[in-house]
Amino acid sequence: MDYDFKEIEGKWQKYWQEKEVFRVKPEKGIPKYYLLEMFPYPSGKIHMGHVRNYTIGDVFARFKMMTGFCVLHTMGFDAFGQPAENAAIKNKTKPDIWTYKCIDWMRQELKKMGFSYDWDREISTCDSDYYKWNQWIFLKMFERGLAYRKTANVNWCPTCETTLANEEVVDGGCWRCHAEVKQKELKQWFLKITEYKERLLEDLKQLEYWPKRVVTMQTNWIGKSQGVEIYFRLKENHKIIPVFTTRVDTIFGATYIVLAPEYPLVKEVIKGNPQEKKVLKFIEKVSKESKAVRTATDIKKEGVFTGSYCLNPVNNEEIPIWVADYVLKEYGTGAIMAVPCHDQRDFLFAKEHNLPKKIVIQSVDSRQSTVDQMNEAYEGDGLQVNSGQFDGLANEEAKIKIAEWMEEKGIGKRTLNWRLRDWLISRQRYWGTPIPVIYCDKCGVVPVPEKDLPVKLPAEVEISGRGGSPLAYVKDFVETACPECKSKARRETDTMATFIDSSWYFLRFCSPKFDKGPFDKKEVSYWMPVDQYIGGIEHAILHLLYSRFFTKFLKDIGLLDFDEPFLRLLTQGMVLKDGEVMSKSKGNIVDPDSIIKKYGADSLRLYILFAAPPEVEMEWSEEAIEGTFRFLKRVWRFLEYQPKTTQGKGKEPALERKTHRTIKKVTEDIENFKFNTAISGIMELVNEIYLAIGHRSQDAGQNPEACSMPACRIGGQPESIEEAIRTVVLLVSPFAPHLAEEMWQELGNQESILRSPWPKYDTALLQGETVTMVIQINGKLRSKVEVAADISETKLKEIVLSDEKTKPWIKDKPIRNFIIVPQKLVNIVV
RNA sequence: GGGCAAGUGGUGGAAUGGCAUACACGAAGGACUUAAAAUCCUUUGACCGUAAGGUCGUGAGGGUUCAACUCCCUCCUUGCCCACCA
């Protein structure tokens with residue numbers, strides 16, 4: 001009987017579906033487990049990254065099911081987004097038709113992998129049943145002032161007349177027509193995530209089961225910095241220019257200040273002075289530069305003198321005011337004080353433009369050069385010099401003293417600065433959630449009343465990729481009545497960023513068909529929070545931050561009773577081919593479907609977990625998958641093992657011990673997501689079983705060459721062998737579920753293997769009567785001895801010292817130390 | 001520039017203070033076969049040695065320890081994420 005994976009996999013996928021094995025509902029008295037993998041964008045085909053992500057999740061879900069949990073394991077589609085519009089233009093189809101077709105293909109491919117999803121709970125974010133609640137949440141935010149409108153810049157391609165996402169800007173040009181990208185001001189919707197910045201930062205401390213680096217990345221992204229706002233005054237009219245710094249200890253070394261080109265005061269400062277034209281020209285030039293160009297590291301920092309001066313408030317020194325592109329209006333106050341000796345960017349800028357430098361921090365341990373000898377800024381700690389009454393203080397201490405002194409004199413104030421900005425959600429796109437807002441000439445901005453939701457996307461739209469928001473051209477959509485005064489009004493024609501969709505989908509899975517709100521509170525309080533979330537590191541910042549923000553907001557309006565949505569997070573590594581990320585542009589894609597056809601889903605699942613630990617990148621190798629395929633065939637052939645009943649019963653202690661040790665190892669490894677070693681543990685047990693069967697046949701006087709499996713039916717101690725085989729089938733079942741189900745049935749079981757409990761190990765059977773002890777002389781391995789497990793120290797010493805291989809290394813040298821690590825090794829120091 | 005990972009046989013990887021290279025892949029040899037495939041068995045870090053055995057060996061250098069891939073310090077390399085963040 002060959003291992004016919006095609007037939008087996010088809011059979012069991014059908015069985016699972018028909019018997020609704022994965023359908024789940026809350027059950028009293030059984031602990032719940034919510035396992036979630038990041039849902040895919042439905043591009044049509046699954047790729048190896050999906051296979052890896054979802055296999056990791058599936059193994060864990062099945063393991064949890066077998067260890068007695070009520071497991072919520074779901075799948076859906078993050079279905080809005082630009083590729084559908086691009087496909088519509090390219091293939092002369094419609095985004096919805098294209099998307100739903102892709103979803104169908106993708107669902108089929110996922111089913112072929114045998115994943116244990118409750119497909120009854122499938123959701124697609126482009127269904128109005130779903131995006132209706134995006135709109136509802138938006139309205140709740142609007143009510144509380146957390147959704148607001150302001151003008152902001154977008155990347156604009158003048159040729160295509162369209163907005164471009166940052167990733168569509170290639171080398172400062174449009175990805176499609178390569179025209180130079182301009183900045184354009186538009187009125188757009190924002191969500192006030194900054195209102196939650198403290199909590200988003202503070203609650204990171206709760207996330208002890210998140211990878212450290214993800215927490216670090218979020219912390220840096222929120223970017224809280226403690227510093228001082230210092231008030232510089234214009235020399236002419238004493239107008240205040242506030243400057244933010246984290247290094248107030250260097251204030252005495254400030255030799256100029258720099259304003260962002262967009263800084264409002266700039267135009268006033270230069271009015272009528274000889275520099276005016278030059279500065280205006282510079283501002284004009286910078287304003288055309290896209291952010292990408294301005295933030296590039298390798299480009300020289302440019303700037304111009306404004307012709308004006310201001311006063312350093314600590315010593316009333318006159319210092320020049322400059323304008324430069326490396327200062328950003330959005331960060332801090334939009335103005336900086338420049339300390340060339342202690343900030344590298346300032347150092348380079350000062351060097352370039354011949355500006356004065358002044359040392360104010362003296363390094364303690366290295367003799368510091370004079371200003372002229374410096375070839376880079378000194379950014380480390382040290383003692384204050386040239387700093388008036390603060391000279392001689394350690395700079396960390398001076399930071400506090402100077403800040404206090406400035407506050408007393410009213411020339412500065414301690415303040416916090418945050419890097420996190422509000423979230424721009426307006427998109428000039430069709431394939432997204434319409435923003436539920438109406439503009440009325442009389443009433444102004446009017447939210448769509450809840451009862452009128454959803455604001456549906458019109459089906460008949462021309463997608464050309466040109467001319468801004470496509471919805472603006474759909475007359476029936478735009479023209480509407482004001483909900484308040486009933487007079488003629490216009491709908492908002494922008495749609496929401498798709499990150500909104502994924503910011504709460506994990507809640508929708510708890511009650512996917514609920515129609516009285518975004519989710520059923522009762523269901524959510526049973527299932528949430530997500531116990532284990534699994535996905536790519538590329539979502540470490542935005543998606544996870546937005547989801548945390550939404551959760552906190554929904555808690556504030558009384559819909560949730562917890563602060564954090566995801567208890568544990570696993571970020572899986574990428575799948576590489578020939579050392580590079582698999583990607584279309586590199587042409588090194590391996591299609592999972594072709595692998596399934598050749599080796600079956602079980603082999604693919606097993607291989608992708610066996611090749612590397614989940615969180616590191618893995619190298620794809622077609623040759624290596626042959627190995628896991630072979631292994632499954634080896635397991636499959638256990639079905640041919642039929643001990644003669646006349647042979648009687650009997651136990652094989654060594655095999656029994658191996659079986660129980662393997663149960664322990666595999667169980668612990670799965671719990672810790674060490675799937676690669678879990679699998680190798682099962683492989684070892686399989687090898688051991690084959691050995692046991694082979695040895696029996698030799699003992700029975702058989703020709704060992706005849707010991708292919710069928711000939712081995714004379715097995716002497718079948719009890720242990722049968723137990724071992726049954727154990728292998730159970731242990732391998734989360735990894736290769738189709739094969740395990742089929743074998744389980746062949747072994748005489750009626751129900752799905754998922755309904756059988758996970759095997760337990762007997763602690764008493766783990767330990768043999770003897771152990772092998774390693775003997776080291778001076779830390780070097782010299783011999784091994786087999787001794788009783790509970791041997792006394794004196795007896796052990798005796799045996800070790802009389803060991804033939806040990807003797808020559810000791811001879812008559814005095815023994816200085818005799819170290820015993822129980823049941824492991826002894827080390828003799830001579 | 002900042003942050004975070006990682007560096008072990010021909011390859012993927014195992015060992016987180018106690019036998020370095022588990023488990024696999026590949027390679028070589030053998031059994032079975034008319035042959036092939038499949039399957040099974042043996043060998044497989046380097047060097048010295050007929051052998052027994054020995055020496056070296058986890059990116060480089062140093063340190064702690066009876067004992068270091070593992071802990072500490074310095075450096076090198078690669079990858080990922082972020083970045084004129086004041």
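This one's a predicted model, so the numbers in the text were calculated from it and none came from an experiment. To find a chain, count down the sequence lines: A is the first, B the second, and so on, and within it residues start at 1. The basis for the numbers below is simple: all heavy atoms, side chains too, and nothing from hydrogens, waters or symmetry mates.
Taking atom P in both B:G13 and B:G59, one finds a spacing of 14 Å when rounded to whole Å. B:C25 sits 12 Å from B:C41 when the P atoms are compared, rounded to a whole Å. Rounded to whole Å, the C1' atom of B:A68 lies 11 Å from the corresponding atom of B:U58. Comparing the same atom, P, in B:G9 and in B:A5 gives a spacing of 23 Å after rounding to whole Å. As rounded to the nearest Å, B:A83 and B:C76 have C1' atoms that lie 24 Å from one another. A gap of 28 Å separates the P atoms of B:G30 and B:U21, to the nearest Å. Between B:A20 and B:U8, the two C1' atoms lie 8 Å apart (nearest whole Å).
For A:K784 and B:C19, a side-chain-to-base donor-acceptor distance below 3.5 Å is present, hydrogens and geometry of angles not being considered.
Taking the six-membered ring for Trp and the full ring otherwise, the centers of A:F735 and A:Y607 sit at least 6.0 Å from each other.
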Kindly give the atom pairs (protein nitrogen or oxygen, nucleotide nitrogen or oxygen) under 3.5 Å for nucleotides 61-69 of chain B.
residue: B:C66; atom: O2'; partner: A:N827; partner atom: ND2; Å: 3.4
residue: B:C66; atom: O2; partner: A:N827; partner atom: ND2; Å: 2.6

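If you check B:C84, B:G3, B:C23 against the side chain of A:T216, the one that comes closest is B:G3. Residue A:M574 has its side chain nearest to B:C80 when only B:G12, B:C80, B:A86 are considered.
At the heavy-atom level, A:G627 lies under 4.0 Å from the strands shown only through sugar-phosphate atoms. At the heavy-atom level, A:K224 lies nowhere under 4.0 Å from the strands shown. Contact annotation for A:F818: no contact, since no heavy-atom pair falls under 4.0 Å across all strands. A:W809 comes within 4.0 angstrom of sugar-phosphate atoms only, judged by non-hydrogen atoms across all strands, and of no base.
Stacking of A:K358 on the aromatic ring of A:F252 is not recorded, the 6.0 Å distance cut-off and the 45° axial limit not both being met.
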